[in-house]
Amino acid sequence: MLKAIHHVAIICSNYTRSKAFYSQLLQLEIVCETYREDRDSYKLDLKLPDNSQIELFSFNGAPQRPSYPEAQGLRHLAFAVDDITAIVRYLEANGVVVEPIRIDELTNKTFTFFNDPDGLPLELYQI
């Protein structure tokens with residue numbers, strides 16, 4: 001019935017900062033950028049190599065996401081990677097704070113977390 005995750009939508013507080021974070025730092029491909037004058041907001045479609053997408057939205061006055069303590073709902077967004085150590089080094093060299101790499105006790109795979117500019121938890125999961 002369901003085949004894959006097509007996209008994940010993220011609302012950011014600072015469009016310019018988040019656009020740079022996802023498109024430049026995380027190197028996601030920009031598919032389409034739309035400014036909606038009636039809403040005074042942007043929608044940016046970003047694509048990962050497997051064709052899944054992130055939709056980045058800006059909405060004036062959107063409330064902050066409660067993260068700590070963890071709230072009900074979407075917990076985090078996880079990215080599959082081949083070399084977690086190399087990506088952690090890259091992120092840290094670019095000023096991103098990354099948690100220590102850990103091993104998932106259920107899958108025996110390595111993973112770690114970092115945050116986007118609005119504090120959204122992002123995970124690296126080595127496949």
Side-chain angles (χ1 to χ4, degrees):
M1 187 168 87
L2 305 178
K3 295 184 179 185
I5 293 176
H6 181 267
H7 70 268
V8 174
I10 298 172
I11 299 172
C12 63
S13 66
N14 181 314
Y15 179 74
T16 303
R17 179 181 66 183
S18 292
K19 177 183 176 182
F21 180 83
Y22 284 98
S23 67
Q24 294 171 16
L25 183 70
L26 298 186
Q27 302 175 13
L28 302 182
E29 177 186 343
I30 295 176
V31 176
C32 182
E33 182 176 34
T34 306
Y35 176 71
R36 298 180 294 189
E37 190 172 346
D38 60 322
R39 296 181 184 189
D40 188 26
S41 72
Y42 282 91
K43 177 181 184 275
L44 182 68
D45 296 319
L46 300 151
K47 183 172 75 169
L48 285 85
D50 70 350
N51 290 321
S52 61
Q53 295 185 11
I54 291 178
E55 293 178 340
L56 187 64
F57 290 93
S58 67
F59 292 120
N60 292 325
Q64 288 187 339
R65 176 189 188 275
S67 290
Y68 301 101
E70 291 190 65
Q72 294 178 355
L74 182 65
R75 186 174 186 189
H76 62 265
L77 175 59
F79 296 104
V81 299
D82 290 324
D83 185 347
I84 195 168
T85 303
I87 295 173
V88 166
R89 284 189 196 130
Y90 166 78
L91 291 172
E92 290 176 336
N94 283 279
V96 177
V97 176
V98 182
E99 293 180 6
I101 296 172
R102 301 178 291 210
I103 297 176
D104 185 314
E105 61 186 41
L106 299 175
T107 65
N108 210 32
K109 300 282 187 174
T110 55
F111 70 100
T112 190
F113 286 92
F114 63 104
N115 291 333
D116 85 346
D118 288 307
L120 176 67
L122 302 175
E123 180 182 0
L124 300 175
Y125 190 86
Q126 187 164 300
I127 54 173

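All values below come from the heavy atoms of this structure, side chains included, with hydrogens, waters and symmetry mates left out.
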For the residue pair Tyr22 and Arg17, establish whether any side-chain heavy-atom pair is separated by less than 4.5 Å.
no

Taking the side chain as every heavy atom from C-beta outward, state whether Leu46 and Leu44 have any pair of such atoms under 4.5 Å apart.
yes

Considering all heavy atoms, the nearest Leu25-Tyr90 contact
O-OH, 2.7 Å

Would you say that Phe114 contacts Leu124 through its side chain, given a criterion of any heavy-atom pair below 4.5 Å between the two side chains?
yes

Check: Leu91 and Leu26 side chains under 4.5 Å, non-hydrogen atoms:
yes

Any side-chain donor-acceptor pair under 3.5 Å between Asp40 and Tyr35?
yes

Might you point out which heavy atoms bring Asn115 and Pro121 nearest each other, and give the distance in Å?
OD1-CA, 3.5 Å

Under a 4.5 Å side-chain heavy-atom rule over Ile, Leu, Val, Met, Phe, Trp and Tyr, are Ile101 and Ile87 clustered together?
yes

Taking all heavy atoms of Leu122 and all of Phe21, pick out the closest pair and write down the distance.
CD1-CE2, 3.8 Å

Once rounded to the nearest 0.5 Å, what's the spacing between atom CD of Gln24 and atom CG of Asn94?
10.5 Å

Note: with side-chain heavy atoms under 4.5 Å as the link, the other cluster members for Val31 come out as none

Mind listing the closest non-hydrogen atom pair of Thr112 and Pro100 along with its distance?
OG1-O, 3.4 Å

Cluster overlap Val88 with Val81, hydrophobic side-chain contacts below 4.5 Å:
yes

Leu77 atom CG, over 12 foreign heavy atoms within 6.0 Å:
yes

Kindly say whether Leu120 contributes a backbone atom to a donor-acceptor pair with the side chain of Asp116 at under 3.5 angstrom?
yes

Given Glu99 and Arg102, is the salt bridge (Lys or Arg N to Asp or Glu O under 4.0 Å) satisfied, shown in steps?
CA-CA 9 Å; Glu99 293 180 6; Arg102 301 178 291 210; 3.5 Å; yes

Student check: side-chain heavy atoms of Pro117 and Asn14 closer than 4.5 Å:
no

Value for SG (Cys12) from CG (Leu56), rounded to nearest 0.5 Å, stands at 4.0 Å

Report yes if some heavy atom in the side chain of Tyr42 is under 4.5 Å from a heavy atom in the side chain of Thr34; otherwise report no.
no

Do Ile103 and Val98 sit in the same hydrophobic cluster, where Ile, Leu, Val, Met, Phe, Trp and Tyr count as joined when their side-chain heavy atoms come under 4.5 Å apart?
no

Starting at CZ of Phe113, measure out to CD of Glu123 and round the result to the nearest 0.5 Å.
4.0 Å

Spell out, as yes or no, whether a donor-acceptor pair under 3.5 Å connects the side chain of Asp45 to the backbone of Glu55.
no

Side chain to side chain contact (heavy atoms under 4.5 Å, CB included) involving Glu29 - partner list, sequence neighbours excluded:
Lys47

Are the side chains of Leu28 and Ser23 in touch, meaning some heavy atoms are under 4.5 Å apart?
no

Are Ile11 and Ser58 close enough, and set up right, to give a side-chain contact (heavy atoms from CB on, under 4.5 Å), and what steps lead you there?
CA-CA 6 Å; Ile11 299 172; Ser58 67; over 6 Å; no

Please determine whether residues Phe57 and Ile30 belong to a single hydrophobic cluster, defined as Ile, Leu, Val, Met, Phe, Trp and Tyr linked transitively by side-chain heavy-atom distances below 4.5 Å.
no

Co-membership, hydrophobic cluster, residues Ile5 and Tyr125, 4.5 Å side-chain
no

Salt bridge between Lys19 and Glu33, side-chain N to carboxylate O under 4.0 Å?
yes

More than 12 heavy atoms of other residues, nucleotides or ligands under 6.0 Å from CZ of Arg75: is that the case?
no

Partners passing side chain to side chain contact (heavy atoms under 4.5 Å, CB included) against Arg39 (at least two apart in sequence or in another chain)
Arg36, Ser41, Phe59

